[in-house]
Structures are given as C-alpha cells and as structure tokens.
Amino acid sequence: MLRLDEVCVRYPGGKADVVERVSLHVPEGAALGLVGESGSGKSTLARAVVGLTRVTAGRVHVAGTDVTNPKRDALAHLRATAQMVFQDPNASLHPRMTVGDAVAEAVTVRRKQSGPELTAEVVRLLDLVGLPSRFVDRFPFEMSGGQLQRVAIARALAAKPRLLLLDEPTASLDVSVQATVLNLLRELRAELGLTYLAISHDLAVIHYLCGEIAVMQLGSIKETGPASAVLKSPLHHYTAALVDAVPRLSGRKTDRIVLHGDPSDASARPSGCSFHPRCPAGPAMVEGHEICALEVPELVGDPHAVACHFPIRR
Ligand code: SF4
C-alpha cells in the first residue's frame with residue numbers, strides 16, 4: 001500500500017536534508033508507527049507522502065502508483081487513496097461551518113452527491129465515527145476535542161481512502177479521551193481494512209495502534225521491526241533511551257538512560273551516525289567507537305533491523 005524508496009526531503013534554502021534516505025514498506029491492512037522526538041522528521045515524511053512537502057530525492061509509491069511530487073493523474077489517485085488526519089482538529093475545521101456542512105464538503109469534493117443522498121452519506125460517516133446524527137447542526141465551538149477529532153476522521157473517510165496518515169492523532173486530547181479515539185481508530189482499521197501510517201512521540205499510542213514500528217532520529221530510520229520486539233528489546237541506543245523515558249507508575253528505573261544535547265538540529269547533522277554526540281555508548285564513552293563519528297551505519301536485520309555499529313546485545 002505504501003512504499004518509500006530512499007526518500008529525501010530538504011526545505012528550500014536548507015543546508016541539510018530533514019528526511020534522509022528513508023525506505024519503508026507498509027503492506028495493505030498493516031499499521032506502521034513512526035516514532036521519534038520533535039524535529040526527527042516524522043511529520044515532514046508524512047507530508048511528503050501526501051504531496052504537501054516536496055520530495056528532493058527517492059520515490060513514493062501509494063497503492064502501486066508513483067506519487068512522488070504528484071501532478072494531475074497521480075495527485076487524483078493520491079487524494080482518492082490516501083488521507084491525512086492532523087493533530088489539531090480545530091485547525092482543520094472552519095469555525096463557522098456546521099459539522100454536517102464540513103463533512104458534506106469532504107464528500108462532494110470526491111463525488112457528485114446532493115439532497116437526501118448527501119444527507120444520508122453525512123449521517124453514515126458520522127455514525128462510522130460514533131457521532132449521532134443530531135451533531136450535523138453543531139458548530140466546532142459546541143464540541144469537545146474528542147468529538148472534533150471524530151469529525152476530522154469522518155472528513156478523511158469521506159474520500160473512501162485505503163491509507164490513513166495519522167499525525168499525532170491524540171496529542172491534543174485529554175488523556176481520558178485519547179483512549180476512546182484510539183479505540184475508534186483500531187475499530188475502523190479492522191472494519192474498513194485500512195492501512196495506517198501513524199506518527200507519534202508517544203510510544204504507548206504507537207504500540208496500541210500499530211503492529212510495526214520505525215524509529216526516526218534526525219531524519220533517518222534508526223530501528224524498525226515488530227512493535228513488541230522493538231519496544232521490549234530495543235537494539236538501538238536511541239530507541240532504548242526513548243523507551244526508558246516513558247513515565248512509569250512504579251517509579252523511575254535507577255539505571256535509566258538520560259539523553260543530553262539538542263534533539264532537533266537537522267541542519268547541523270553530525271558526521272557518521274547522526275546520534276553519536278548523544279549516544280550513551282558512543283565515542284565519548286567507549287574507546288574504539290571512533291567509527292561512530294566516521295561512518296553512517298546501514299539499517300540491517302529482518303524483520304527487526306537496526307542502524308548501529310554497536311547494537312545493544314541481549
Ligand atoms: Fe551509538 Fe555508535 Fe550505535 Fe550510533 S552507531 S547509536 S553512536 S553505538
């Protein structure tokens with residue numbers, strides 16, 4: 001459903017790629033979670049997939065069609081096949097448009113429908129996301145964050161997509177509401193056979209939604225594989241630090257890994273392994289690790305792959 005081959009993204013006037021040679025493969029019906037700190041390039045990569053950001057090198061294929069920097073036919077294919085759900089539902093809904101009008105607009109962009117047929121489709125989409133039909137007359141300011149995110153999902157589903165890109169889909173919601181939206185997303189995937197590319201800095205969200213994980217740091221994939229394997233037995237020192245950073249009710253581990261340094265400066269990407277200045281096992285810590293600052297490690301392993309000269313041994 002989604003194949004990325006060596007995709008690079010560089011902003012106009014930028015000195016370095018913010019996404020660097022990313023290759024990923026998401027089969028139809030699967031869910032891949034992209035995780036990493038702010039500035040790791042996750043959202044930029046998702047925007048490049050749907051044509052909102054220009055790809056500077058590499059290829060993007062969606063449902064078998066090359067949609068790299070799409071024009072005309074490829075753009076039409078992309079809009080009919082892939083839709084994006086953004087972090088802030090408020091920003092993607094017009095404040096003076098009722099929910100019914102907002103969903104109807106998304107339907108009519110794709111299909112010529114009007115009158116009772118259009119009303120029935122709007123009600124069907126609201127029902128699909130768990131909102132009663134009486135919500136058609138409501139305005140965004142009359143609704144909660146969770147309800148607004150359901151409307152945003154209904155708008156995305158109006159195109160009858162096969163691939164949904166979920167960019168921090170619950171990050172703006174109260175914790176108590178997050179679970180209900182995550183449950184809805186899981187149910188929709190099962191019911192409609194959707195494929196997901198989900199982006200989050202929250203490992204718990206990705207673990208709940210996705211069977212596969214790819215960990216990004218400064219624009220490149222550091223580790224990828226089955227979610228349970230990557231989170232339970234991380235091979236990359238960056239992934240291990242992210243897992244260690246998750247708060248635990250039982251208190252902090254005493255041997256917890258703490259990362260230092262600025263996580264978000266892609267314009268000054270370090271040589272060799274881009275994580276080496278912050279790596280707890282890197283050149284500053286262990287003699288003989290000079291290679292970390294000299295050579296970019298390749299992503300190796302199947303299905304659990306890691307890009308590290310000295311992966312964690314289990
Ligand atoms: Fe650390 Fe070296 Fe592995 Fe990079 S390649 S994560 S610096 S051990």
Side-chain angles (χ1 to χ4, degrees), residues 4 6-10 14-25 32-45 57-58 199-203 206-207 210 212-246 252-314:
L4 308 181
E6 304 269 310
V7 168
C8 298
V9 176
R10 180 177 296 200
K15 292 188 186 140
D17 292 342
V18 288
V19 172
E20 194 180 49
R21 294 180 57 217
V22 167
S23 296
L24 289 172
H25 175 220
L32 174 75
L34 268 181
V35 298
E37 297 160 295
S38 300
S40 58
K42 317 180 292 291
S43 295
T44 303
L45 183 63
I199 292 150
S200 180
H201 63 279
D202 188 330
L203 295 180
I206 292 299
H207 196 195
C210 303
E212 300 281 320
I213 282 191
V215 181
M216 275 187 93
Q217 189 263 339
L218 276 189
S220 61
I221 303 292
K222 298 297 188 220
E223 183 163 3
T224 183
S228 47
V230 172
L231 296 178
K232 279 195 191 120
S233 307
L235 300 177
H236 198 282
H237 304 278
Y238 177 61
T239 314
L242 292 183
V243 171
D244 260 19
V246 175
R252 293 191 160 182
K253 280 170 67 185
T254 48
D255 57 347
R256 185 172 159 262
I257 304 168
V258 179
L259 289 181
H260 301 283
D262 180 2
S264 60
D265 194 2
S267 63
R269 178 177 285 109
S271 60
C273 168
S274 61
F275 185 56
H276 86 258
R278 302 170 68 207
C279 179
M285 307 292 289
V286 181
E287 207 175 317
H289 280 207
E290 293 83 1
I291 190 174
C292 296
L294 298 173
E295 282 183 27
V296 178
E298 292 293 321
L299 191 64
V300 287
D302 185 14
H304 190 168
V306 63
C308 176
H309 296 302
F310 303 96
I312 297 168
R313 304 258 172 241
R314 299 283 167 186

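Counting starts at 1 for both ligands and their atoms, in listed order.
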message: Only heavy atoms of His276, strictly under 4.0 Å: list the atoms of ligand 1 that pass.
response: 7 (S)
- prompt: Taking only heavy atoms of His309, which atoms of ligand 1 are found under 4.0 Å from at least one of them?
  reply: 3 (Fe), 5 (S)
- request: Please state which part of Cys308 comes within less than 4.0 Å of ligand 1, counting heavy atoms only: side chain, backbone, both or neither.
  value: both
Contact flag His236/atom 4 (Fe) of ligand 1, N/O/S atoms, threshold under 2.8 Å: no
message: Name the residue from Ile221, Ile206, Leu242 that meets the side-chain contact (heavy atoms from CB on, under 4.5 Å) definition with Val215.
response: Leu242
task: Check each atom of ligand 1 against the heavy atoms of His237 and keep those under 4.0 Å away; list them by number with element.
output: 1 (Fe), 3 (Fe), 6 (S), 8 (S)
task: Measure the SG-NE2 distance between Cys273 and His237 for me, rounded to the nearest 0.5 Å.
output: 8.5 Å
message: For Glu223 and Tyr238, which I'm curious about, is there any donor-acceptor pair between the side chains at under 3.5 Å?
response: no
query: Roughly how far apart are Gln217 CD and Lys42 NZ, rounded to 0.5 Å?
result: 11.5 Å
Atoms in ligand 1 flagged as close to Cys292, the criterion being non-hydrogen separation under 4.0 Å: 2 (Fe), 5 (S), 7 (S), 8 (S)
field: Nearest atoms (heavy-atom pairs only) where Leu299 meets Ala307
entry: CD1-N, 3.6 Å
- request: Run through Ile199, Val22, Val18 and flag the one making a side-chain contact (heavy atoms from CB on, under 4.5 Å) with Leu45.
  value: Val22
task: Return the option from Ala240, Pro297, Cys279 holding the heavy atom at the smallest distance from atom 1 (Fe) of ligand 1.
output: Cys279
